[in-house]
Number of protein chains: 2
Amino acid sequence: MARPRTFDETAVLDAAVREFRVHGFAETSTEQLCEAASVRRSSLYNAFVSKDELFVRALQHYVATTGARQSTILADDELTGAERLRTLVDVVMDEELQAANRGHAAGCMVVQSLMSPDLRERDERVSRILDRDLRERLSLLSGAIRAGQIDGSIAKGVDPDDGAVLASTVISGLRVTAQTGVDVETLRRIALAGLSSLLH
Amino acid sequence: MARPRTFDETAVLDAAVREFRVHGFAETSTEQLCEAASVRRSSLYNAFVSKDELFVRALQHYVATTGARQSTILADDELTGAERLRTLVDVVMDEELQAANRGHAAGCMVVQSLMSPDLRERDERVSRILDRDLRERLSLLSGAIRAGQIDGSIAKGVDPDDGAVLASTVISGLRVTAQTGVDVETLRRIALAGLSSLLH
DNA sequence: CTCTTTCTGTACTTGATTATCCAAAATATG
DNA sequence: CATATTTTGGATAATCAAGTACAGAAAGAG
């Protein structure tokens, strides 16, 4: 019973994620966000209240979508544990490859946000989202590692929880190294080398 | 033939590094910098021209001091190649331990700056410093790895350049993971696991 | 001892960026 | 087809941090 929106809320969140994941919160202006989403200022504020709120929603959206993708891979019964980890690396590398074609590294909202204690303190929802995401991701990873130890593709000696933190650490490191312009094939080799204590 | 400074320029740079490495450029205000260095606004501007200039000098200072420390370790003929890498990990872990005692992660000006394309574009000196630092670090690392392959402490199969990128990636990843509150002992275990393709 | 030069402290200016306001537009509903 | 209701666009206000100005303080040189 009123004028409908001319834009899709999810499309705006996608655009916001694209900006935030490379520029971070502080260095992304609301104007950039409007521009990227092709939405006028007041529409954005009308729909999302404030830059902070939009960031929280974008972060939520980001971890939900990436979490879902990782979930389908890491909990895929068709694959061995080791294959799941390698597929995960492939996905991350794909993101970097696509970003590289656009002339920059993919960035990562999680790495950005984790590295910014201020951001986490300013809005505790950010902390909560990151904590939750981390727990979820570590749980999926250790699950895949346990599966790999049962199917024989991953060495029995390693502690699954440690292995999970390792995988998470390596991927974060890749996000950083990707910024240095290293080509994606090297990056993939490095990733697998970093996980070699699991994958042998 | 004039009034001398009441502060030490290097002390100001140290303070600036302490702020920048945890908060990043955008989220560190000049007021914070003054506060941290116990220096008044005009003194700071008189000595360092602008926030950008101060950042460049701080970054330079940061990579110079950390570079020097890494250099003494990674080029230490008394140690095997593997021992050099392990000692490097110890140094990073020490930084994190000290920071943890102060209630936060150590942060890292290099990781922060690398993850911020805007920062690098705004002042090309930042790019140059980071590029130079990376090359230097990779060169030291691959040198240590080659030394390890000669003294038998590092597997012959690995490409020293790849190994260098791996070590750099793992350390960056540790800087990120440290922000999640993982205890330092776990962190150290993860570091060694990530480097296991070199250290076995 | 005084003069010159630089440093220091405070208050102010400026510029950018976030957020708001309000009138006009659009449309589903009755 | 009128109306209620929300969105939209443009302009405006409010805020906040970077940088500047200037007067006064400090100390070495002559």
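Convention: sequence-line order gives letters A, B, ...; per-chain numbering from 1.
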Return the value, rounded to whole Å, for the distance between atom [atom1] of [X] and atom [atom2] of [N].
{"X": "Glu9(A)", "N": "dT8(D)", "atom1": "CD", "atom2": "P", "value": "11 Å"}
{"X": "Phe7(A)", "N": "dT7(D)", "atom1": "CZ", "atom2": "P", "value": "8 Å"}
{"X": "Leu44(B)", "N": "dT20(D)", "atom1": "CG", "atom2": "C1'", "value": "14 Å"}
{"X": "Asp8(B)", "N": "dC7(C)", "atom1": "CG", "atom2": "C1'", "value": "16 Å"}
{"X": "Glu27(B)", "N": "dA18(D)", "atom1": "CD", "atom2": "P", "value": "12 Å"}
{"X": "Arg5(A)", "N": "dT8(D)", "atom1": "CZ", "atom2": "C1'", "value": "11 Å"}
{"X": "Leu54(B)", "N": "dA17(D)", "atom1": "CG", "atom2": "C1'", "value": "15 Å"}
{"X": "Asn46(B)", "N": "dA18(D)", "atom1": "CG", "atom2": "P", "value": "18 Å"}

**Asked** In terms of side-chain heavy atoms, does Ser113(A) have a donor or acceptor partner in Arg120(A) at a distance below 3.5 Å?
**Response** no
**Asked** Is the closest side-chain donor-acceptor distance between Asp183(B) and Thr186(B) under 3.5 Å?
**Response** yes
Hey, can you pull the donor-acceptor pairs under 3.5 Å for the side chains in residues 11-20 of chain B, sequence neighbours left out?
from     : atom 1 : to       : atom 2 : distance (Å)
Asp14(B) : OD1    : His61(B) : NE2    : 2.7
Glu19(B) : OE1    : Gln32(B) : NE2    : 3.3

**Message:** Does dC7(C) have its OP1 or OP2 closer than 4.0 Å to a side-chain nitrogen or oxygen of Ser43(B)?
**Reply:**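 False: Ser43(B) side-chain N/O out of range (4.0 Å or more) of dC7(C) OP1/OP2.
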**Message:** A quick test of your reading: do over 12 heavy atoms of other residues, nucleotides or ligands sit less than 6.0 Å from CD of Glu35(A)?
**Reply:** no
**Residue pairs passing the side chain to side chain donor-acceptor pair (under 3.5 Å) test where at least one lies in residues 144-153 of chain A, sequence neighbours excluded** =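 Residue pairs with at least one partner in residues 144-153 of chain A: Ser142(A)-Arg146(A), Asp151(A)-Ser153(A).
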**Request:** Could you tell me whether Phe48(A) contacts a base, only the sugar-phosphate backbone, or nothing, with contacts defined as non-hydrogen atoms closer than 4.0 Å?
**Result:** nothing
**Lys NZ or Arg CZ of Lys51(A) over Phe25(A) ring: under 6.0 Å, within 45°** = yes
Below 3.5 Å is the cut-off: list the nitrogen or oxygen pairs between protein and nucleotides 17-21 of chain C, distance only.
from    : atom 1 : to       : atom 2 : distance (Å)
dT18(C) : OP1    : Lys51(A) : NZ     : 3.2
dT18(C) : OP2    : Thr30(A) : N      : 2.9
dT18(C) : OP2    : Thr30(A) : OG1    : 2.7
dA19(C) : OP2    : Tyr45(A) : OH     : 2.8
dA19(C) : OP2    : Lys51(A) : N      : 3.0
dA19(C) : N7     : Arg41(A) : NE     : 3.2
dA19(C) : N6     : Arg41(A) : NE     : 3.3

